[in-house]
Structure formats: C-alpha cells, structure tokens
Amino acid sequence: MAAGAVAGAGAAVADDAVQHQGGALATLDGLQTYDQAVLHTNGKDQEILAGLFEMTVDGGGQLQTYCIDIHNPTQDQAKYVETSWDQTSLNKNQDAGKIRWILQNSYPQVNDLAALAESADLDGPLTDKTAAAGTQVAIWRFSDKADVTASDPAAEQLADWLEKSAKDLGEPKASLSLEPNAVSGKPGSRLGPVTVRTDAGQVTVTPPADAAASGVKVTDKAGKPVASAADGTELYFDVPEDAADGTAELSVQATMSVPVGRAFASATKSQTQILAGSSESTVSAKATATWAKAGAIPSLSAKKNCAKGGVDITAGNKGDEPFTFSLAGYEHTIEAGESRTVTVPVAEDQAYDFTITGPGGFKKNFKGVLDCKTASAPAQPGTETPSSQPSPASAGGTSAGLEGDLAETGGSSATPMIAGIAIALVLAGGGAVFFLRKKKATAGE
C-alpha cells in the first residue's frame with residue numbers, strides 16, 4: 001500500500017476498524033432459514049439454496065436479509081454497512097420498489113404463514129423455510145431478472161403471487177445519518193450545521209473524545225450544548241478562539257428497528273443484501289470538523305457514485321486561501337468559500353483502498369468494492385464455485401459451513417478527510433496513487 005503525508009494542521013484522530021456513512025453496521029452470520037430452488041441459465045438447471053440470511057449488528061441487534069445479487073458469492077463473516085440504493089446494484093433497477101413491496105408483504109414481516117398462504121391462494125401449507133425460499137425467488141426475479149423457481153410447489157406459488165402482486169414503493173429513509181459528515185472553518189466560531197437524519201425518536205450525541213482538553217463542544221446554533229437530538233436537529237462544533245489548528249469528531253447513536261428495504265453492502269466482494277427484518281439494533285453516524293486560523297481549510301468526504309462508475313471526493317474550503325489538490329492526473333483548485341465534487345473512476349467489481357494520513361498520527365481508511373451491478377451468469381453453470389459445494393455460493397449464499405473457502409477481507413464505508421492530507425488509492429492491479437495537498441501560501445514555504 002502506498003501512503004503519503006504532507007505538511008498541514010491536524011490533531012490525531014483514532015482510526016476505526018470500519019467507517020460508514022451512518023446507520024447499522026453488521027457481520028454476516030450466514031444463510032439460516034432456507035429451502036431449495038432451481039436456477040435456469042444457458043439451457044441448464046442448477047439446484048441452489050434460497051432463503052434468509054442473518055447478521056449480527058455491531059453494538060447489539062440482529063438483522064434478517066435476502067440476497068439481491070444471485071451470481072455473487074458470500075464471504076464468511078463479511079462486514080456489511082447500511083447504504084442507500086443508489087450506491088448498490090439497485091441504482092438503475094426500475095423494479096427496486098417492487099422488491100420493497102415483497103419484503104413488506106411476505107415472510108418474515110408476515111409471520112402468520114397460514115394467513116400468507118391464504119392471501120396467496122396456495123394449494124398447500126408453508127413452513128418458515130419454504131416461505132423464505134418463495135420470497136427470495138420472487139426477489140431474484142426483480143433484482144437479477146433471474147429465471148429461477150422454488151422447488152417446493154407452495155413456495156413456487158408464493159413466488160408467482162408475489163411477483164404478480166408487487167407494487168412500486170419508494171426507498172426507505174436511512175436509519176441514521178449526518179449531513180454533511182465533514183465541515184470546516186476558523187476557530188472562535190461554530191462549525192456546521194451538521195443535520196441529523198433519523199427514523200429514531202431520539203439519538204444520543206457524543207462530543208469529541210478530547211473535548212475536555214480542547215474545549216470543543218457540540219452545540220445548537222445558539223451555542224447551547226447538545227446531548228441528544230431528533231430528526232432535523234442541527235449540530236455545531238463550537239471551537240474556542242484560542243484552539244490550535246486541528247480536527248475533531250462527534251458521533252450520534254440510537255437503538256431502533258432498521259427500516260425494511262434498506263440495502264446492505266459489503267466492502268468485500270460479498271453479495272449485496274436487502275433488509276427483511278430487524279430487532280432493536282444499534283445505529284450510529286459520525287461527523288468531522290477541521291479548523292485553522294488561516295490558509296485553506298478544506299473539508300472532504302467520499303462515497304460511491306454508481307451512476308458515474310466511481311467514488312466521489314467532495315471538497316469544500318472555508319478558509320481564506322485556495323485549496324489545490326491533484327487527483328487522477330488532474331489538478332483541482334477549490335477557491336475560498338467554494339465546494340466541488342470530483343469523481344474518481346473505478347471499474348465495476350474493482351477493489352479500492354484510500355489511506356488518509358496527516359500530522360500528529362492522523363490516519364483514516366476507506367476501502368471497498370465498487371459493486372454497482374448484479375453479476376452476470378457464468379457461461380457454464382456450476383463453474384463459479386468449488387465442486388465440493390453442493391450449491392453455488394451465488395444463489396442466496398451457502399450455510400455457514402459451506403462458506404469457508406472464501407476469505408474475509410473486512411468492510412468499510414465513506415470517510416471524511418482533513419486539511420493537509422494525502423490519499424493513496426490502491427486499485428487491484430492498478431496501483432494508482434492520488435495525492436491531495438494544501439497550496440503553499442508563499443514561494444518560500
């Protein structure tokens with residue numbers, strides 16, 4: 001990994017194992033409730049598993065999910081982050097809303113299986129396993145346009161009914177996020193606002209870890225300290241006038257049921273999931289502030305852009321000098337008071353890794369896979385997984401005991417960036433390195 005650091009202000013900030021733009025962060029436990037199905041590709045039939053996955057939420061809670069990328073494998077214990085549809089393979093899927101309708105009108109949201117069988121006018125009864133399989137089959141028909149059938153007759157009838165009955169619903173809101181997640185300005189002022197977006201009734205606000213020493217507080221617009229917030233609350237970093245140039249981070253957290261239909265993406269090449277059910281779970285989000293007495297004072301953040309096939313770097317500058325940086329072979333200058341977004345092209349299914357460093361031991365990381373499209377069917381069904389596995393890892397995944405051949409490589413999400421940083425973007429097989437730098441104030445510097 002190539003990494004770089006250049007001169008500039010900034011206090012050390014702890015680097016978390018996984019960063020995300022807000023919401024639930026969870027670990028895949030595997031396929032738990034499932035039955036058989038048959039995938040028809042290239043004139044051949046292949047038996048697969050279809051059903052519900054389970055995930056354990058960091059901080060507490062359990063999630064149930066279905067696969068929305070049938071030809072992708074799962075990775076054992078892969079890390080997943082809650083994300084918006086536009087950052088997944090649902091970004092151009094005109095049937096994404098129908099998938100949400102299926103989730104809300106089938107198992108496990110409808111757990112009265114006799115009532116579900118009656119609604120679908122089935123010829124036979126449903127079990128948890130066949131209800132999960134039928135629901136997954138119906139979802140695949142919309143998420144992957146797959147030719148797939150459930151092996152159990154009742155499950156197949158359920159899939160047909162769900163497919164025929166599905167209506168277009170809008171995307172659910174994020175469980176918790178902060179907008180924007182990076183701000184900047186001069187000491188002696190309140191930096192922000194950072195707006196809370198959540199479906200929770202109330203969230204807990206945690207000030208910067210070194211707040212007692214630095215004097216930085218989290219307040220409302222009037223300067224009153226804030227310890228809890230609700231949807232729409234505006235938060236500010238109140239930075240003392242005598243504060244040394246630096247950076248700080250606030251976090252918000254709540255316990256709630258994550259909205260059904262939220263997408264979950266992995267930073268590894270592990271199939272994208274969509275939420276079918278949630279216990280009371282921990283959700284969180286973070287925002288970063290950067291300040292300096294003079295010069296360029298940038299705030300930077302990053303997220304996937306599936307529409308443009310890359311990763312967006314959004315740079316703002318609240319300083320009194322231009323902020324100049326070089327990215328993807330081009331030099332960009334952000335004038336004082338301006339903001340701009342630059343898209344770094346990344347190939348589909350390409351791994352990328354941003355390492356962000358700065359003075360005082362600062363280090364942040366953003367890594368993942370640009371997984372914006374559903375995987376294509378293999379030319380020869382069955383060749384995409386080891387022959388020792390009785391069904392493809394692609395088809396809803398395998399049970400926990402069948403996933404051991406796939407290595408976990410961790411997960412993450414968008415990360416705020418600070419002034420005077422350098423970014424190393426490592427693309428698998430590409431080795432491209434991009435540096436951001438603060439423009440020199442004088443020729444002698």
Side-chain angles (χ1 to χ4, degrees), residues 31-41 45 48-54 63-71 84-86 88-173 199 257-264 271-278 374 377 394-397:
L31 191 63
Q32 302 294 329
T33 307
Y34 58 89
D35 198 59
Q36 296 289 327
V38 178
L39 180 62
H40 313 283
T41 54
D45 295 342
I48 61 176
L49 304 181
L52 272 172
F53 287 86
E54 290 186 7
L63 306 177
Q64 292 178 302
T65 61
Y66 286 109
C67 162
I68 52 173
D69 197 356
I70 192 172
H71 295 291
S84 58
W85 289 358
D86 65 359
T88 72
S89 56
L90 295 177
N91 75 96
K92 293 182 179 179
N93 190 327
Q94 299 298 316
D95 293 321
K98 293 182 179 179
I99 295 173
R100 187 185 179 196
W101 185 95
I102 291 171
L103 295 166
Q104 292 186 336
N105 289 274
S106 191
Y107 183 78
Q109 288 301 304
V110 179
N111 57 17
D112 185 337
L113 298 182
L116 181 58
E118 183 178 353
S119 296
D121 195 24
L122 306 186
D123 293 335
L126 290 168
T127 65
D128 289 350
K129 292 182 177 181
T130 57
T135 305
Q136 176 66 92
V137 165
I139 289 172
W140 277 331
R141 293 174 183 175
F142 287 124
S143 65
D144 295 78
K145 307 299 185 288
D147 183 2
V148 59
T149 56
S151 298
D152 179 81
E156 173 62 11
Q157 283 185 304
L158 174 63
D160 289 343
W161 175 75
L162 291 169
E163 180 183 14
K164 181 180 179 180
S165 303
K167 298 175 177 61
D168 189 36
L169 298 180
E171 179 179 2
K173 295 180 180 179
D199 271 356
S257 293
V258 181
V260 170
R262 289 296 291 169
F264 278 78
Q271 60 188 208
T272 307
Q273 306 276 315
I274 193 163
L275 188 68
S278 168
T374 54
S394 63

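Since the model is a prediction, treat every value here as computed from it, not as a measurement.
Considering only heavy atoms from C-beta on, R262 comes within 4.5 Å of E171 through its side chain. The shortest distance between side-chain heavy atoms of T41 and D147 does not fall below 4.5 Å. The shortest distance between side-chain heavy atoms of W101 and L162 falls below 4.5 Å. Considering only heavy atoms from C-beta on, I139 comes within 4.5 Å of L103 through its side chain. N93 is not listed as a side-chain neighbour of I68, based on a closest heavy-atom distance of 4.5 Å or more.
Nearest approach of I70 to C67, heavy atoms of both residues: N-SG, 3.8 Å. Between Y66 and G51, the shortest heavy-atom contact is CD2-O, 3.4 Å. Heavy-atom minimum distance, A154 versus P125: CB-O, 3.5 Å. The heavy-atom pair separating A159 from G134 by the smallest distance is CB-O, 3.3 Å. Closest of all the heavy-atom pairs between I274 and I99 is CD1-CG2, 3.8 Å. The two atoms that bring Y107 and L116 nearest to each other are N-CD2, 4.1 Å, heavy atoms only.
Counting heavy-atom neighbours within 6.0 Å of D112 CG, excluding the residue itself, gives a total above 12. The number of heavy atoms from other shown groups lying within 6.0 Å of NZ (K92) does not exceed 12.
Side-chain atoms of S151 and Q36 form no donor-acceptor pair, as typed in the model, at a separation below 3.5 Å.
In summary, D95 and R141 do not engage in a salt bridge, as defined by a charged side-chain N under 4.0 Å from a carboxylate O.
The OG1 atom of T65 sits 6.5 Å away from atom CZ of F53, with the distance rounded to the nearest 0.5 Å. Atom CH2 in W85 sits 13.5 Å away from atom OG1 in T272 (nearest 0.5 Å). W140 contributes atom CH2, which lies 9.5 Å from atom NE2 of H71 (distance to the nearest 0.5 angstrom). For the atom pair OG1 of T374 and CD of Q271, the computed distance is 12.0 Å after rounding to the nearest 0.5 Å. Within the model, atoms CG of D152 and CG of L158 stand 10.0 Å from one another, a figure rounded to the nearest 0.5 Å. Atom CG in L49 sits 12.0 Å away from atom OG1 in T33 (nearest 0.5 Å).
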side-chain contact (heavy atoms from CB on, under 4.5 Å) between V137 and T149, intermediate numbers included | CA-CA 6 Å; V137 165; T149 56; 5.6 Å; no
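E163 places no side-chain N or O within donor-acceptor distance of the main-chain N or O of A138, the cut-off being under 3.5 Å. Of the possible polar contacts, one joining the Q157 side chain to the D123 backbone as a donor-acceptor pair under 3.5 Å is found. Side chain of S106 to backbone of I102: no donor-acceptor contact under 3.5 angstrom is found. T130 places no side-chain N or O within donor-acceptor distance of the main-chain N or O of L126, the cut-off being under 3.5 Å. At least one donor-acceptor pair under 3.5 Å links the side chain of Q109 to the backbone N or O of A276.
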